[in-house]
Amino acid sequence: MISQLGHGFYLPGSYPHKYGIGDTLSVKVNSLTSIDTELPFSYYSLPFCKPPEGVKDSAENLGELLMGDRIENSPYKFKMYKNETEIFLCQTEPLSGEDYKTLTKRIDEMYQVNLILDNLPAIRYTKKEGYFLRWTGYPVGIKVQDLYYVFNHLKFTVFVHKYEETNVARVMGTGDAVDMIPTGGNSGSDIPGYMVVGFEVTPCSVQHNADAVKKSKIYEKYPAAINCEPTTVAMAIKENEPLAFTYEVSFVESDIKWPSRWDAYLKMEGSKVHWFSILNSLMVITFLAGIVLVIFLRTVRRDLTRYEELDKEAQAQMNEELSGWKLVVADVFRAPTNPALLCIMVGDGVQILGMAVVTIMFAALGFMSPASRGTLISGMLFFYMILGVAAGYVAVRLWRTISCGDIKGWVGISWKAACFFPGIAFFILTTLNFLLWGSHSTGAIPFSLFVILLLLWFCISVPLTLFGGYLGAKAPHIEYPVRTNQIPREIPAQRFPAWLLVLGAGTLPFGTLFIELFFIMSSLWMGRVYYVFGFLFIVLMLLVVVCAEVSLVLTYMNICTEDWRWWWKSFFASGSVAIYIFFYSINYLVFDLKSLSGPISATLYLGYSLFMVLAIMLATGTVGFLSSFWFIHYLFSSVKLD
């Protein structure tokens with residue numbers, strides 16, 4: 001029973017894996033990554049030792065493939081709780097010119113090797129100025145005085161925790177786990193079992209004698225003693241000379257319990273900064289809420305009560321002296337320019353915002369832990385497709401409202417809503433994918449995955465959006481409280497150009513977001529794990545409130561200056577935050593990713609940033625537009641005008 005447990009399939013991060021003493025532990029390898037280039041490459045693209053049984057891919061989910069993860073088996077194997085030293089792996093063929101060039105290039109670009117044991121990434125500690133720094137993975141090699149050295153000896157430390165029967169049954173009693181984990185009787189108690197709770201690696205560069213290991217076979221004892229000293233390097237890379245690889249492993253019993261084994265990766269750094277970001281947002285919100293309150297209480301309420309208290313004659317007289325927003329009463333619901341585009345963008349915005357809220361909420365509740373790689377991306381795709389119903393419904397209902405109940409053209413609007421944002425996203429990602437294909441990176445989406453994404457789009461997302469459109473066509477349209485004149489009213493000259501106010505309005509939502517943005521960017525581009533989804537959820541909620549308030553204030557200022565063209569302005573007042581985010585991402589590229597090398601990497605970075613900014617613009621613009629639409633509708637339905 002116990003020997004089978006070593007090979008049992010289990011969901012990452014769902015329940016503990018029990019190993020008996022002497023059971024085989026297999027290390028897996030992920031793509032080589034670099035924060036210098038952002039281009040992941042396959043582990044076996046370099047002259048490393050291959051496993052005797054051949055290279056096999058691990059099953060990967062959609063999210064992992066989209067993120068460029070390629071998890072494969074490796075020749076590194078351990079026996080549970082058996083310390084072993086000086087294990088010989090292999091000696092490569094003499095390095096060809098091509099291999100030498102690739103290897104030195106990867107060392108120059110600071111590529112990291114990412115190893116995984118029992119779903120835990122290998123962690124490496126380095127000491128700098130008295131501080132311990134934590135890294136995942138280890139560098140391929142190092143350059144010292146024009147010579148390149150490869151890290152060819154790995155010293156592994158595996159931390160294990162004694163398997164506790166009762167604990168496990170309590171931690172997770174899933175249907176799958178019951179078959180695999182003995183939870184009663186004496187079946188497992190007489191033979192001690194262990195769980196892996198930590199995995200550390202120390203890379204060394206050790207000079208091996210090529211002739212001495214010529215006849216050695218894999219997993220045999222290396223003929224000489226190996227002294228692993230991380231501070232010195234010895235194995236220089238030379239053309240037409242082979243490389244030899246060795247490793248050692250030691251097991252350490254640890255107090256870390258299985259549920260908290262990820263804590264080492266998720267040390268809470270800068271939680272004060274997150275709280276500061278939230279307080280900063282709350283101040284902006286309170287300031288704006290004050291303005292909104294003043295508008296509602298002083299201006300609107302005072303005007304309305306004065307207006308309603310007057311008798312008929314005085315009203316007639318006052319009608320002549322009307323000022324501000326009441327003058328545009330017969331124009332305020334006049335259809336905007338390009339109404340179809342507005343409906344499509346608002347529909348897509350609802351879909352993106354809904355996806356963000358639901359995904360972050362699930363992640364904050366712990367359903368998308370970093371232990372299950374790729375679930376975040378897969379979850380986002382899933383929720384985005386399901387929310388196609390909302391996109392179709394909102395787009396068509398708004399279209400019917402603008403065209404005063406006319407149902408004509410709803411199919412076209414639904415179709416365009418289903419293809420507008422995904423179409424642009426597909427175009428950006430395909431262009432970037434050709435760049436990745438050209439550089440043979442594992443970040444490139446395989447052709448088969450392209451087909452799957454297209455099928456998901458046209459077989460699930462589009463039909464759901466059309467279904468939403470059908471519901472929107474059946475729902476009653478929102479009736480305007482006032483009639484619109486045939487002839488549009490002339491707009492007086494404005495003191496400030498309208499676009500200036502619209503652009504300026506984006507600074508306030510950006511102010512609530514920019515601190516959290518730094519953490520998100522570091523997680524995307526610096527390979528750090530982002531897991532403070534609780535904070536992110538609060539920041540997202542605050543962002544929605546700020547966008548609504550900003551847009552509302554700007555719309556009110558607009559109609560007070562007798563400008564009735566508020567539709568697009570209300571959308572871009574809060575949507576203009578995307579412009580600032582794009583400038584911020586360029587600033588991040590110049591100052592934080594200074595080492596990003598090569599035009600391909602910079603193009604990839606800007607392409608992905610553009611994609612992110614477009615999604616943010618649609619989501620924030622939608623919030624602004626819907627809040628303004630509600631405000632205008634509320635304002636003009638409370639005033640009685642003939």
For [X], I'd like to know if atom [atom1] has over 12 heavy atoms of other residues, nucleotides or ligands within 6.0 Å.
{"X": "Phe467", "atom1": "CZ", "value": "no"}
{"X": "Met541", "atom1": "CE", "value": "yes"}
{"X": "Asn587", "atom1": "CG", "value": "yes"}
{"X": "Tyr470", "atom1": "OH", "value": "no"}
{"X": "Phe383", "atom1": "CZ", "value": "yes"}

Using atom types as modelled and distance alone, determine if a side-chain donor or acceptor of [X] lies under 3.5 Å from a backbone N or O of [Y].
{"X": "Tyr480", "Y": "Ser637", "value": "no"}
{"X": "Trp568", "Y": "Thr337", "value": "yes"}
{"X": "Thr136", "Y": "Ile123", "value": "no"}
{"X": "Tyr605", "Y": "Ser585", "value": "yes"}
{"X": "Asp348", "Y": "Phe421", "value": "yes"}
{"X": "Glu200", "Y": "Ala122", "value": "no"}
{"X": "Ser570", "Y": "Thr555", "value": "no"}
{"X": "Glu549", "Y": "Val546", "value": "no"}

Minimum side-chain heavy-atom gap [X]-[Y] below 4.5 Å:
{"X": "Val389", "Y": "Thr465", "value": "no"}
{"X": "Met368", "Y": "Thr359", "value": "yes"}
{"X": "Ile377", "Y": "Asn61", "value": "no"}
{"X": "Leu626", "Y": "Phe631", "value": "no"}
{"X": "Met345", "Y": "Met617", "value": "yes"}
{"X": "Tyr556", "Y": "Val553", "value": "no"}
{"X": "Phe518", "Y": "Tyr588", "value": "yes"}
{"X": "Leu536", "Y": "Ile520", "value": "yes"}

Nearest atoms (heavy-atom pairs only) where [X] meets [Y]:
{"X": "Ala473", "Y": "Arg400", "result": "O-NH1, 2.6 Å"}
{"X": "Ala573", "Y": "Val550", "result": "O-CG1, 4.1 Å"}
{"X": "Thr37", "Y": "Ser34", "result": "N-OG, 3.3 Å"}
{"X": "Gly506", "Y": "Pro509", "result": "O-CD, 3.3 Å"}
{"X": "Trp457", "Y": "Ala418", "result": "NE1-O, 3.1 Å"}
{"X": "Gly504", "Y": "Thr507", "result": "O-OG1, 2.6 Å"}

Would you kindly check if the NZ (Lys) or CZ (Arg) of Arg489 is within the cone defined by 45 degrees around the ring axis of Trp564 and under 6.0 Å from the six-membered ring centre?
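The answer is no, since Arg489 fails at least one limit relative to Trp564.
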
Short side-chain donor-acceptor distance under 3.5 Å, [Y] and [X]:
{"X": "Ser551", "Y": "Ser628", "answer": "yes"}
{"X": "Asn114", "Y": "Thr33", "answer": "yes"}
{"X": "Thr126", "Y": "Trp135", "answer": "yes"}

Look at the aromatic rings of Phe629 and Phe333 and report parallel, tilted or perpendicular, splitting at 30° and 60°.
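Phe629 and Phe333: perpendicular rings.
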
Parallel, tilted or perpendicular: which describes the rings of Tyr634 and Trp630, with under 30° parallel and over 60° perpendicular?
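Parallel: the ring planes of Tyr634 and Trp630 meet at under 30°.
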
Applying side-chain contact (heavy atoms from CB on, under 4.5 Å), can you list everything that pairs with Leu604, at least two apart in sequence or on another chain?
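Expected list: Leu39, Leu432, Leu436, Ile600, Tyr608.
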
Please evaluate residues Met521 and Tyr584 with respect to the criterion side chain to side chain contact (heavy atoms under 4.5 Å, CB included), reporting the C-alpha separation (whole Å), side-chain torsions for both, the decisive distance (0.1 Å), and the verdict.
CA-CA 10 Å; Met521 297 292 253; Tyr584 179 83; 4.2 Å; yes

Side chain to side chain contact (heavy atoms under 4.5 Å, CB included), that's the test. Do Leu552 and Met557 meet it? Break it down for me.
CA-CA 9 Å; Leu552 209 143; Met557 284 163 65; over 6 Å; no

Would you please test Ile402 and Trp567 for side chain to side chain contact (heavy atoms under 4.5 Å, CB included) and show each step?
CA-CA 11 Å; Ile402 290 174; Trp567 301 78; 3.8 Å; yes

Atom [atom1] of [X] and atom [atom2] of [Y]: how far apart are they, to the nearest 0.5 Å?
{"X": "Ser576", "Y": "Ile581", "atom1": "OG", "atom2": "CD1", "value": "10.0 Å"}
{"X": "Ile428", "Y": "Leu606", "atom1": "CD1", "atom2": "CG", "value": "11.5 Å"}
{"X": "Leu398", "Y": "Ile344", "atom1": "CG", "atom2": "CD1", "value": "10.5 Å"}
{"X": "Cys547", "Y": "Phe571", "atom1": "SG", "atom2": "CZ", "value": "11.0 Å"}
{"X": "Leu540", "Y": "Leu513", "atom1": "CG", "atom2": "CG", "value": "9.0 Å"}
{"X": "Asp563", "Y": "Asn558", "atom1": "CG", "atom2": "CG", "value": "4.5 Å"}

Do the two ring centres, one from Phe367 and one from Phe362, sit under 6.0 Å apart?
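Yes.
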
With a 4.0 Å cut-off on N to O distance, would you call Arg565 and Asp331 a salt bridge?
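Salt bridge: no.
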
With side chain to side chain contact (heavy atoms under 4.5 Å, CB included) as the criterion, how do Val346 and Leu618 come out once you've worked through the C-alpha distance, each side chain's angles and the decisive distance to 0.1 Å?
CA-CA 7 Å; Val346 170; Leu618 290 173; over 6 Å; no

